[in-house]
Every structure is written in structure tokens, then in C-alpha cells.
Amino acid sequence: MFRPSFPLHFVFILGYRCNLACTHCSSNADSGGSLGYSTSEARAILRQMAEIGVVDVAFSGGEPLLRRDLEDLIRSARDEGMSTGTSTNGYAMTERRARSLKAAGLDRLQVSLDGTREAHERVRGNGSFDRAVTAIRRGLQAGLRTHICFTAMRSNAHLLPSMIDIALELGVDGFNLSQFVPTGRGTSVEALAPRTAKRLLQTWLDAKVQFPALHLTAHSSGLAALSPAAEHCRGGCQAGISIGCITPAGDVTPCVMFPLSLGNLKDRPLAEIWATSPTVRALKSRKVKGACGTCAHRIQCGGCRAGAWALTGDMMAEDPSCWLISDTPFDAKGNNVGETACRT
């Protein structure tokens, strides 16, 4: 398994200010959220990322497009040798802003679209669907590499085929299937049943074969169990290994869905925090517990560490969302107490 000394990719949460208050938001962002870092503070953190060899940074929030200095930060990151991405709910994406982001050198734009109109607006609010679709079209028209991000939840997972159809109709450059983790404002109510997750990932794998021109990516555990030889299954969960996250409070975390602080940039530099973190060492070891620890797909998958932590309080526990172990009970620490399919 690939284990770089420092992450190659960071999600940089600039602030928690957002014009929406989506029901599944991992950041608890809303209109009263903090604007976060000043421009100079954010630039200093970007320099620290570059110093440890980060090659890609995704500016997140909140709603990143509410910041007037986003283009300046994109330029700063590129000057430091990093590629850049950002995400949006679409409301602030005017034609002028799309051109401005393109001129700044943004490498990719990700627009959240969590279902067809009714499903999307159930979690994001009335009018949000048209805003997102318009933002996608404006991004494409400006020449931005534009992706759809679909977070699969209990209420919308069945819409994946429809969402792929929408992606094809709009002509986007990519489609990302994002795993729901019950953190922030999200709760376990929207967590997928394990067998539903299996059907969802099989649909996604079938779509990759059927639509090779559409760049389909997935941030989800369990793919290795369905397609162990596939290139996209290599390495499994990368939280604390090749990816990391920085919050508006200065906390360094293993991934954007995993709000466990490794240390704070107000106290120590990024390089020191990462290099000395026992949490990072544990995640790199892949010494996971229960069924995940004895599973044939331990290296290729390893289970979602953010999900294990969110649902059991133990980041090394077996992944409660995995269908291979879903019919077997586990205790409060995530230790499997019965026989499972992935032990056979």
C-alpha cells in the first residue's frame, strides 16, 4: 500500500459561512458561520502545504465562492506548485465569476447535485436545483473542468442512474460518487443500509463500463470487495495517509469527513503535526480491528475510518457500513462478536 510521508492532497476548509444550511452538511455551515482565515493567513498555510510536498489542494467550506479572495488563493496555490479545485452549491456562480475562476487557473470545479429536483431540494432548499444546474452550465461554458458531486444517502441512493443520465445530458467532465458519513449536521438517519451500499456501488461500476467517456470517480469503501482487480480500488481509505484536511480553526484532521484533530496550526507547523502524530501512524499501519482486520480486502479497502470513528468512537474499528459484516453484531468498540463473510 502506498504510504507517502506527507499527504499529496489537502482539503482546505476556508470558513464555515454558507448561504444554505443543508441537512447533511459535515461542516455545520450556515449564514452565521465564520468567514475563517484572512487572505494572508490562508496564504501562509498554503506555503506550509507546499513545503511538505502537497501537490493538490481543494478549497472548501462553507461556500468557498462567498469569498472575494478565492481567485487570489487559487493563484497563490498554483504559484506554490499545487493544482487546485473548489466546490460550490451554485448560488454564487455568475458567468463573470466562472470566467474569473478560469482566469485564476482553477483546475476543477465541483458542483454539488444530490438528486433530481425534489430530492436535491429536500436537503438543500427550494430553488437550489436550478442554481446548481446553471452553475454547471456556466462552468462548462467558461472552459472550467466541471464535475458533479453526488452524495449518496438513504433518501436519494436509488437516483444514481438518473444522476448519471443528468451528468451525460449536461456534458460534465466528471461525476463523483461521495460516501455519506454521519458527521457534522449529518446523522445516521441518512446513512445507507450496507446492502443498499452494495447495490449502489455495483450500479456505479456498471456505469464505468457503459460510459467510459464520463470520468466516474468514487470516494467510498467497499469497492474492492466488488472489483478487487480494478485500478480505482488500490489503496483503500486514504484518511491520514495520502489525504488530509485543515479546518477554519486551524485543526489538522485525517480527512474532511473525519473531524479528529491531529494538532493545531496555531501551536505547531503542519510538518511537525503530521510527522509526529500517533493517529497518522495508526492509520498508516492499517491495523484495523474486527472483521476489517481479517478481511481479504484489508489493504485494498481497509474500511472507512471516518465512518468507524463516527459510529463507534474507535477509528480502527471495523466499518459498520460494510455489507460483508452487516449481518453480524459488533460491540461498542467496533469489535465483531460473531462470524462474518469476510472471515471465510
Side-chain angles (χ1 to χ4, degrees), residues 6-7 9-18 20-30 32-37 41-42 45 48-49 54 57-64 86-87 110 112 123 149 151-153 178-192 219-221 236-268 270 272-274 276-284 288 302-321 332-334:
F6 295 101
H9 168 77
F10 258 97
V11 175
F12 192 2
I13 305 177
L14 296 172
Y16 291 135
R17 181 72 56 86
C18 186
L20 300 181
C22 304
T23 60
H24 62 315
C25 179
S26 62
S27 297
N28 286 313
D30 56 28
S34 166
L35 283 172
Y37 298 102
E41 289 171 335
I45 292 172
Q48 289 195 56
M49 289 184 192
V54 174
V57 58
F59 294 106
S60 184
E63 172 52 54
T86 196
S87 55
Q110 181 170 274
S112 297
V123 296
C149 180
T151 300
M153 299 173 282
S178 180
Q179 180 173 341
F180 174 81
V181 177
T183 187
R185 201 155 42 232
T187 68
S188 58
V189 173
E190 280 286 16
L192 291 181
H219 293 96
S220 181
S221 59
C237 177
Q238 290 297 299
I241 302 175
S242 67
I243 63 173
C245 176
I246 295 175
T247 76
D251 288 313
V252 181
T253 73
C255 89
V256 68
M257 304 302 293
F258 196 167
L260 175 62
S261 180
L262 310 177
N264 194 285
L265 295 177
K266 297 174 185 176
D267 304 319
R268 293 185 293 156
L270 178 58
E272 180 182 338
I273 289 172
W274 202 269
T276 62
S277 170
T279 298
V280 167
R281 287 197 296 273
L283 290 168
K284 285 184 177 181
V288 288
C304 177
R305 298 299 98 212
W309 184 77
L311 292 172
T312 73
D314 182 354
M315 69 178 186
M316 304 307 285
E318 63 187 30
D319 184 352
S321 68
K333 293 184 178 180

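Scanning both residues, S242 and Q238, for their nearest heavy atoms gives OG-OE1, 2.7 Å. Smallest separation of non-hydrogen atoms from C255 and I243: CB-CD1, 3.8 Å. When all heavy atoms of V181 and A310 are compared, the closest pair comes out as CG1-CB, 4.3 Å. The two residues L283 and A239 have their closest heavy-atom pair at CD1-O, 3.5 Å. Smallest separation of non-hydrogen atoms from A249 and N264: O-ND2, 3.0 Å. The heavy-atom pair separating I241 from C237 by the smallest distance is CD1-O, 3.7 Å.
In this structure, C18 and D30 have side chains that are not in contact, with every pair of non-hydrogen atoms separated by 4.5 Å or more. Side-chain contact between C304 and Q179: present, with at least one pair of heavy atoms (C-beta onward) separated by less than 4.5 Å. In this structure, the side chains of P254 and V280 stay at 4.5 Å or more apart for every pair of heavy atoms. Taking the side chain as every heavy atom from C-beta outward, P259 and T183 approach each other to under 4.5 Å. Side-chain contact check for T187 versus P182: every heavy-atom pair is 4.5 Å or farther apart. Side-chain contact between T279 and L260: present, with at least one pair of heavy atoms (C-beta onward) separated by less than 4.5 Å.
Atoms CD1 and CD, on I273 and Q48 in that order, are 7.5 Å from each other to the nearest 0.5 Å. A distance of 13.5 Å separates CG in L35 from OH in Y16, rounded to the nearest 0.5 Å. Atom-to-atom distance recorded for T23:OG1 and M153:CE is 6.0 Å, nearest 0.5 angstrom. Note that CZ of F258 and OG of S26 are 13.5 Å apart. Values are rounded to the nearest 0.5 Å. Rounded to the nearest 0.5 Å, atoms OG (S277) and CD (E272) are 11.5 Å apart. The distance from the OG atom of S27 to the CD atom of E63 is 11.5 Å, given to the nearest 0.5 Å.
For the side-chain contact (heavy atoms from CB on, under 4.5 Å) test with I45, the passing option among L14, V57, L265 is L265; the others fail.
In this structure, D251 contributes its side chain and I246 its backbone to no donor-acceptor pair below 3.5 Å. With R185 contributing its side chain and A29 its backbone, the two residues share a donor-acceptor pair below 3.5 Å. Although no hydrogens or angles enter the test, the distance criterion places no donor-acceptor pair under 3.5 Å between the side chain of Y37 and the main chain of I13.
A side-chain donor-acceptor contact under 3.5 Å links D319 and S321. A donor and an acceptor atom, one from each side chain of R268 and T276, are located under 3.5 Å apart.
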Give the intermediate values and the outcome of side chain to side chain contact (heavy atoms under 4.5 Å, CB included) for residues F12 and M49.
CA-CA 10 Å; F12 192 2; M49 289 184 192; 3.8 Å; yes

Candidate pair L262 and T253, rule side chain to side chain contact (heavy atoms under 4.5 Å, CB included), full reasoning:
CA-CA 6 Å; L262 310 177; T253 73; 5.5 Å; no

Determine whether V54 and H9 satisfy the following criterion, side chain to side chain contact (heavy atoms under 4.5 Å, CB included), listing intermediate values before the conclusion.
CA-CA 6 Å; V54 174; H9 168 77; 5.8 Å; no

Side chain to side chain contact (heavy atoms under 4.5 Å, CB included) for R305 and V288? Distances and angles first, verdict last.
CA-CA 9 Å; R305 298 299 98 212; V288 288; 3.6 Å; yes

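Scanning for side chain to side chain contact (heavy atoms under 4.5 Å, CB included) contacts around S87 gives S60, P64, Q110, with sequence neighbours left out.
Relative orientation of the W274 and F10 rings is perpendicular, given thresholds of 30° and 60° on the angle between their planes.
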